[in-house]
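Chain A is the first sequence line, chain B the second, and so forth, proteins listed ahead of strands; every chain is numbered from 1. Treat the numbers as computed from the prediction; the structure is a model and nothing was measured.
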Amino acid sequence: MLATPISMTIDPPAPARLSVRSLARPGLTSASLDLAAGECMAVMGESGAGKTLLLRAIADLDPTTGTVSLDGHDRAAIPAPLWRQQVSYLASDAGWWAQGVAEHFADWNTAAIIAAAVGLTAEAGSWPVTRLSSGERQRLALVRTLANAPRVLLLDEPTANLDEASALAVERLLLDRLASGVAILMVTHNPNQARRMAQRLLIVDGGRVREEAGS
Amino acid sequence: MNYIPLTAGDLAIAALLVLANAGLSWWLELGIGRRLLISAVRAAVQLALVGVALTALFSVRSAPWTAAMAVAMILLAGREATARQDRQFAGWWTYGIGTASMTMAATIVTLIALTTAIQPQPWYDPRYAIPLLGMILGNCMNGVSLGLSTLTATVAHERPAIEARLALGATRREALRPSTTRALRAATTPIVNAMSALGLVSLPGMMTGQILAGADPVEAAKYQLLIMFLIAGGTGLGAVSAVILGVLRLTDARHRLRLDRLRAA
């Protein structure tokens, strides 16, 4: 349930335009794309095609060639931690480094407002991570990323472990972020989700990236 | 000092205990007999050779020969510290990091001991410098080895958590802090345990050796304490520098985790 309008409680990040040119690494061949503020692009392709590699490459988590920029500012000129705060990658099975849920957040009270939007109570902050189901982990990992207020979201199957109701709640939360100007690049295997969320579709096949015509 | 000289027969009796262990291993099919015998033979040969080498070294008291012996010890320690690591850095990095850390730590600590507490004449007198370096290096080697192996194993195991933090904008130092702490704890646990149990549970080898050789137990205890502090300092210094160098090698300037720099386990 979208109990609280997020955009009214959390300061939205400044909109930004992501530009990728000839981005390559082993397993990924010369990817280029542009993503405007408030735009969502779905990334689809078979397992092992290179979708995750593309997202990781944009987040600068692996060594690459090519250029990536945000609002015309070259990634290479921006300190990597600052880049990743603005262009945040969320793995499909994100890791946890502390025992308690709240320890993963700079301010759980603020994050709890986002968590409520995906059906998690503030009490979840006091839970140990080991108690979380895979679906709760996935939603809390998304909350953790959103609490950082990134300008571009790189989401790797953000609803893969969720039931339909939870997946729709996540989609509503993401649509709210899109409305506030956040750009989203989202890997999904669900064509219906791609249609609901994205204005454009990117196909990754054997490490090659192409935009679906007319998407 | 009065000491009871050992004969070959005395050593043979002690060696029978090792043989008995090996026999027990074969009888119970434990599979450790061969390794036990090889390491016992290796220890005997190595100690015999080092005894001869030290006798010659002590008689010439030459700075270049003392330095050459120290370098040989450090290079061998580097090999021993890194030879049995489960996950090694590709290329010579494991050996390089281990040897550089031990060289720095053991040299600093040995020089401090020689020029402050012991002050032999000349300061590099091999009778003092070489045994001191040996004791410091031996323990430093264990610390460096444990620190590096724990670091690489922990980082490989904790990759999802480390990359989750990096993806949120953490620096490499922040993201690898838990792994660094765990590696340093593993590296220093043996020396912390040894110092905690000193005199209560065990009399360490050097002090026992001095007492058996006829030294006053109080003087032997003073020497042992000095050695323990030197060992603790050397182990800590060596382990910290090896783990920090390891963290730098496992990441890059763009704060990325570089597990591709490890050889496959």
Next on the checklist: Whether the A:Asp74 and A:Ser69 side chains hold a donor-acceptor pair (N or O, under 3.5 Å, no angle test) is what I'd like checked.
Outcome noted: no
Checklist outcome for this item: Okay, A:Arg56 and chain B: the region with an atom under 4.5 Å from a heavy atom over there is side chain
Checklist outcome for this item: Distance col, row B:Ile136:CD1 vs B:Met73:CE, nearest 0.5 angstrom, shows 9.5 Å
Item to check | Partner set under ring pair (Phe, Tyr, Trp, His ring centres under 6.0 Å) for B:Trp92, not counting sequence neighbours | outcome: B:Tyr95
Next on the checklist: Counting only heavy atoms from other residues, nucleotides and ligands, does the tally under 6.0 Å from CD of A:Glu46 exceed 12?
Outcome noted: no
Checklist entry - Among side-chain atoms of A:Gln193 and A:Thr188, is any donor-acceptor pair under 3.5 angstrom? => result yes
Checklist outcome for this item: For residues 95-102 of chain A against chain B, heavy atoms under 4.5 Å, the residues are A:Gly95, A:Trp96, A:Trp97
Item to check | Audit row: B:Arg35, B:Ile38, side-chain contact (heavy atoms from CB on, under 4.5 Å) steps and yes/no | outcome: CA-CA 5 Å; B:Arg35 285 175 63 188; B:Ile38 288 175; 5.8 Å; no
Next on the checklist: Within a 6.0 Å radius of atom CZ on A:Arg21, are there more than 12 heavy atoms belonging to other residues, nucleotides or ligands?
Outcome noted: yes
Checklist entry - Is it the backbone or the side chain of A:Leu61 that comes under 4.5 Å from a heavy atom of chain B, or both, or neither? => result both
Next on the checklist: Rounded at 0.5 Å granularity, tell me how far CD1 in B:Ile97 sits from OG1 in B:Thr94.
Outcome noted: 6.5 Å
Checklist entry - Is A:His189 atom NE2 crowded by more than 12 heavy atoms from other residues, nucleotides or ligands, each under 6.0 Å away? => result yes
Next on the checklist: If I take atom CG from residue A:Asp93 and atom CD from residue A:Glu157, how far apart are they, to the nearest 0.5 angstrom?
Outcome noted: 10.5 Å
Next on the checklist: Testing the 3.5 Å rule here: is there a donor-acceptor pair between the side chains of A:Gln138 and A:Asn161?
Outcome noted: yes
Checklist entry - Top residue by heavy-atom pair count (under 4.5 Å) with chain B, among A:Ala141, A:Pro63, A:Ala59, A:Ala76? => result A:Pro63
Checklist entry - Roughly how far, to the nearest 0.5 Å, is CD1 of A:Ile78 from CD of A:Gln86? => result 6.0 Å
Item to check | Modelled atom types, side-chain donor and acceptor of B:Thr235 and B:Asn139, under 3.5 Å | outcome: no
Checklist entry - Within residues 222-232 of chain B, which positions have a heavy-atom distance to chain A below 4.5 Å? => result none
Checklist entry - For A:Asn148, is it the side chain, the backbone, both, or neither that has a heavy atom closer than 4.5 Å to a heavy atom of chain B? => result side chain
Checklist entry - Will you find, in the side chains of A:Asp163 and A:Ser166, an N or O donor that is under 3.5 Å from an N or O acceptor? => result yes
Checklist entry - Are B:Arg263 and B:Thr152 linked by a side-chain donor-acceptor pair shorter than 3.5 Å? => result no
Next on the checklist: Please output the residues of residues 161-176 of chain B in contact with chain A, using a heavy-atom cutoff of under 4.5 Å, in numerical order.
Outcome noted: B:Ala161, B:Glu163, B:Ala164, B:Arg165, B:Leu166, B:Ala167, B:Leu168, B:Gly169, B:Ala170, B:Thr171
